[in-house]
Amino acid sequence: MYQEALRKLIIKGIIGFVIGFILALCISPEFGFWGYCLIGFVMAGVPYGWELVGRVIGGFVVGHIAIMIVAFILRAAASMLIGWIAYPIALIYHIVVVCRKSNE
C-alpha cells in the first residue's frame, strides 16, 4: 500500500519537475542549468499540491465561465504555494514508512 503511494508520489514529482524545467527553459534562458533545476524542484510539488487542495476544497466549480476560471487560478496558486512544502514532507514520510515495513 505505501509502496504504491510512494511510487505515485515519485511519478508526480518527476512530472512536475520536468514541466517546471521545460517552463523555465522556455521562459528565461538566462536562468542557467541550476536555475532550471531550482524551478523544476519547486514545481515538482505542484501535482501533489493540486491533489491536496482538491481533497480540502473539493472538486471542480461548475457555473459561469468567469467563476470557473477564477476558481482554477486560485486552485493553481494554492497548489503552488502548498505543494513545494507538502510534497517533500509526504515523500519523506512515505520513504520512512516503506523502509520500516521492509525491515520488519
Side-chain angles (χ1 to χ4, degrees):
M1 179 171 127
Y2 284 103
Q3 288 179 338
E4 185 64 30
L6 178 62
R7 187 176 302 120
K8 287 180 182 179
L9 275 175
I10 291 171
I11 290 170
K12 288 176 190 174
I14 291 171
I15 290 170
F17 178 83
V18 169
I19 290 172
F21 190 90
I22 291 171
L23 186 66
L25 184 67
C26 292
I27 289 176
S28 183
E30 303 90 37
F31 283 157
F33 178 75
W34 295 112
Y36 304 146
C37 287
L38 179 65
I39 291 175
F41 283 123
V42 171
M43 294 292 287
V46 171
Y48 180 72
W50 184 269
E51 176 187 332
L52 196 61
V53 170
R55 277 192 250 155
V56 172
I57 63 171
F60 293 101
V61 175
V62 178
H64 195 272
I65 189 73
I67 295 172
M68 290 172 54
I69 291 171
V70 169
F72 177 80
I73 291 171
L74 289 175
R75 186 173 177 184
S79 68
M80 285 182 211
L81 291 173
I82 293 171
W84 73 274
I85 296 171
Y87 176 71
I89 294 170
L91 188 64
I92 291 170
Y93 170 76
H94 281 84
I95 289 172
V96 168
V97 170
V98 167
C99 289
R100 281 191 185 165
K101 297 274 185 190
S102 67
N103 289 335
E104 290 179 354

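Source: prediction; values computed, not measured.
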Distance-only check: which donor-acceptor pairs under 3.5 Å involve side-chain atoms of residues 88-100, not counting sequence neighbours?
from: H94; atom 1: ND1; to: A90; atom 2: O; distance (Å): 2.8

Considering non-hydrogen atoms only, spot the tightest contact between Y48 and L9 and give its length.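 Smallest heavy-atom distance, with atoms named: CD1-CD2, 3.4 Å.
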Which pair of heavy atoms, one from A24 and one from I39, lies closest together, and at what distance?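 For A24 and I39, the tightest heavy-atom pair comes out as CB-CD1, 3.7 Å.
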Starting from L74 and following side-chain heavy-atom contacts under 4.5 Å between hydrophobic residues (I, L, V, M, F, W, Y), which residues can be reached?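 Members other than L74 - counting any ILVMFWY side chain reachable under 4.5 Å - are V70.
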If you link I, L, V, M, F, W and Y whenever their side-chain heavy atoms are under 4.5 Å apart, who else ends up in the same group as L38?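 None; L38 is a cluster of one.
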Quick one: do [X] and [Y] end up in the same hydrophobic cluster if we chain Ile, Leu, Val, Met, Phe, Trp and Tyr together by side-chain heavy atoms under 4.5 Å apart?
X   : Y   : answer
M80 : I73 : no
Y87 : V18 : yes
F41 : L25 : yes
I14 : L52 : yes

With sequence neighbours excluded, tell me which residues meet side chain to side chain contact (heavy atoms under 4.5 Å, CB included) with [X].
X   : value
I57 : V53
L81 : none
I67 : V61, H64

At what distance, to the nearest 0.5 angstrom, does OH of Y36 lie from SG of C26?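 The SG atom of C26 is 9.0 Å from OH of Y36, to the nearest 0.5 Å.
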Validation row, ring centre F17 to ring centre W84 under 6.0 Å: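 No.
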